[in-house]
Amino acid sequence: MKEELSERDYKVLNLLHQIEEVNKMIGLHSQEGGIAIMKQQYEEIRAKYLEELNQILKEVIGNTSYAMAA
């Protein structure tokens with residue numbers, strides 16, 4: 001039986017896709033001849049997407065800090 005994706009699942013996938021596309025634009029504008037203000041704008045967009053993704057992850061896993069064994 002195939003499990004259906006939830007609205008949250010689609011939101012996470014969409015955010016990951018948007019971050020991937022924005023990263024491409026940041027890379028493009030990081031190259032010689034790129035436009036610095038455009039790079040900055042894309043970095044701000046990426047930060048917004050990452051914050052949204054972080055909020056979703058907090059809902060899923062909670063705000064608990066997990067200690068990692070060395």
Q: Under the criterion side-chain contact (heavy atoms from CB on, under 4.5 Å), I'd like the reasoning laid out for Val12 against Val60: C-alpha separation, chi angles, the key distance, then a yes or no.
A: CA-CA 11 Å; Val12 168; Val60 172; over 6 Å; no
Q: Quick one: do Leu5 and Ile56 end up in the same hydrophobic cluster if we chain Ile, Leu, Val, Met, Phe, Trp and Tyr together by side-chain heavy atoms under 4.5 Å apart?
A: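 In one cluster with Leu5: Ile56, no.
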Q: Under 4.5 Å between any side-chain heavy atoms of Leu15 and Leu50, yes or no?
A: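 No, their side chains stay 4.5 Å or more apart.
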Q: Applying salt bridge (charged side-chain N to carboxylate O under 4.0 Å, His left out) as the test, list every pair that has at least one member in residues 3-15; sequence neighbours left out.
A: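 Applying salt bridge (charged side-chain N to carboxylate O under 4.0 Å, His left out) to every pair that reaches into residues 3-15, excluding sequence neighbours, yields Lys11-Glu52.
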Q: Which residue pairs satisfy the salt bridge (charged side-chain N to carboxylate O under 4.0 Å, His left out) criterion with at least one member in residues 21-31, sequence neighbours excluded?
A: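 As it turns out, the salt bridge (charged side-chain N to carboxylate O under 4.0 Å, His left out) pairs with a partner in residues 21-31, which skip direct neighbours, are Glu21-Lys24.
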Q: Ignoring hydrogens and angles, write down the donor-acceptor pairs under 3.5 Å from the side chains of residues 37-48, residues two or more places apart or on other chains.
A:
from  : atom 1 : to    : atom 2 : distance (Å)
Gln40 : NE2    : Glu44 : OE2    : 3.4
Arg46 : NH1    : Asn23 : OD1    : 2.9

Q: Among residues at least two apart in sequence or on other chains, which ones pass side chain to side chain donor-acceptor pair (under 3.5 Å) with Glu59?
A: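 Here no residue qualifies.
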Q: For His29 and Ile35, indicate whether the former's side chain and the latter's backbone hold a donor-acceptor pair under 3.5 Å.
A: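 At least one qualifying donor-acceptor pair exists.
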Q: Could you walk me through whether Leu13 and His17 pass the side-chain contact (heavy atoms from CB on, under 4.5 Å) check?
A: CA-CA 6 Å; Leu13 290 172; His17 176 73; over 6 Å; no
